[in-house]
Structures are given as C-alpha cells and as structure tokens.
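Inspection log for the structure reproduced underneath, given as structure tokens.
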Amino acid sequence: MKKRVSPFLIICFSLVPFEALFAQANKKESFSVNFGVELFGPESNFRRTHRTGFGPTIKAEYTFGKHLSATFNTGFTYFKGKSVFETGSLLRTDYKPLLAIPAKAGARYYLGNFYFLGEAGLV
C-alpha cells in the first residue's frame, strides 16, 4: 500500500530549522504575536446540547525579563448545536449554534525549555 505525505507536514518540518535560528524566546522586553486554532471540550451539561467547539485564536506575549512574560489570548469559538430527544418525550429539541469570544490574560514563567502558564478570563 502506498502512503502519501501531506504537503502541510512537509512545510511544517522544513520550517523547524529556521525557527531554531530566528526564535527569540526569553529575550528581555520583546513582544510576540501568534495565531492558531483551539478546540474546546464542553462541560457535562453543555455537552448534552452542543458539540465540541473550535475556532481561530490570537495570542500576544510581552517578555519582561529572562523568565517572566505576560500573555493575552482571544479569538472566536463556534459550538454546533445538537438535536436531542428529551427523556420521556417523542419531541425533538434543536439547539442553536453558539458563538463565543473568549478573552484570557495570564503570566508565563520560563524554566529552561519548559514553562508554567496560568490564564484567567471571560467568555
């Protein structure tokens, strides 16, 4: 059986050496912005009515010193609604999709190649 390698994986792995050359992690008084995608697992009650959420995010980080930085993270999260048959009823309830805009602020403390990150925020 032939296997195909995804062009996305090839691009990601080819950029790793460049990241090592130009990365400036822990540089004092530096500012960085990152883009990405996050998945959100709904809690038990919300899971009954909505599916797993996903959406684009943007994270900004300002490094104060060699080990400490402040972070801010925001984006859009989309939760698709489910169709649920209520217990003891033949009627189906359709739940509408939900769009959330989470905003989180936090601090990151670096320990060599590892870090601790704490964030708190609102949805």
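These numbers come from the heavy atoms of this one structure, side chains and all, not from hydrogens, waters or symmetry mates.
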Q) Is Phe76 atom CZ crowded by more than 12 heavy atoms from other residues, nucleotides or ligands, each under 6.0 Å away? A)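 Incorrect, the count does not exceed 12.
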**Q.** Exceeds 12 heavy-atom contacts within 6.0 angstrom, atom CG of Leu111
**A.**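 More than 12 heavy atoms, drawn from other residues, nucleotides or ligands, come within 6.0 Å of this atom.
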Report all side-chain donor-acceptor pairs from residues 94-107 shorter than 3.5 Å, counting only partners two or more places apart or in another chain.
from: Asp94; atom 1: OD1; to: Ser83; atom 2: OG; distance (Å): 2.6
from: Asp94; atom 1: OD1; to: Arg92; atom 2: NE; distance (Å): 3.3
from: Tyr95; atom 1: OH; to: Glu86; atom 2: OE2; distance (Å): 3.4

Q) Is Thr57 close to Asn73 at the side-chain level, that is, under 4.5 Å between some pair of heavy atoms? A)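 When only atoms from C-beta onward are counted, Thr57 and Asn73 do touch, with a gap below 4.5 Å.
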(Q) Is the shortest side-chain heavy-atom distance between Arg48 and Glu43 below 4.5 Å? (A)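 They are not in contact (no side-chain heavy atoms under 4.5 Å apart), so the answer is no.
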(Q) Let's go through Thr71 and Glu61 carefully: what are the C-alpha distance in whole Å and the side-chain angles of both, what is the deciding distance for side-chain hydrogen bond (donor to acceptor under 3.5 Å, both in side chains) to 0.1 Å, and is it a yes or a no? (A) CA-CA 4 Å; Thr71 63; Glu61 179 178 4; over 6 Å; no
Q) Given a cutoff of under 4.5 Å between side-chain heavy atoms of I, L, V, M, F, W and Y, with clusters grown through shared members, what are the other residues clustered with Phe72? A)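 Its cluster mates, by chain and number: none.
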Q. Can you get from Phe114 to Leu117 by hopping between Ile, Leu, Val, Met, Phe, Trp and Tyr side chains that sit under 4.5 Å apart?
A.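 Hydrophobic grouping puts Phe114 apart from Leu117.
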**Q.** Residues in ring-ring contact (aromatic ring centres under 6.0 Å, His included) contact with Tyr109, at least two apart in sequence or another chain
**A.**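 Checked Tyr109 against ring-ring contact (aromatic ring centres under 6.0 Å, His included); matches are His67.
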Q: Identify, with sequence neighbours excluded, every residue that meets side-chain hydrogen bond (donor to acceptor under 3.5 Å, both in side chains) alongside Asn45.
A: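 By the side-chain hydrogen bond (donor to acceptor under 3.5 Å, both in side chains) rule, Asn45 matches no residue at all.
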(Q) Aromatic contact between Tyr62 and Phe64, with the criterion being ring centroids under 6.0 Å apart: yes or no? (A)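 Close enough - the centres of the two rings lie under 6.0 Å apart.
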Q: Find the distance between CD1 (Ile58) and CG (Asn34) and round it off to the nearest 0.5 Å.
A: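 Ile58 atom CD1 to Asn34 atom CG measures 9.0 Å (nearest 0.5 Å).
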**Q.** Qualifying ring-ring contact (aromatic ring centres under 6.0 Å, His included) pairs, either residue in residues 30-49, two or more places apart
**A.**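 As it turns out, the ring-ring contact (aromatic ring centres under 6.0 Å, His included) pairs with a partner in residues 30-49, which skip direct neighbours, are Phe46-His50, Phe46-Phe79.
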Q. Among pairs that include at least one residue of residues 68-81, which meet salt bridge (charged side-chain N to carboxylate O under 4.0 Å, His left out), considering only residues two or more places apart or in two chains?
A.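 The answer is none; no pair qualifies.
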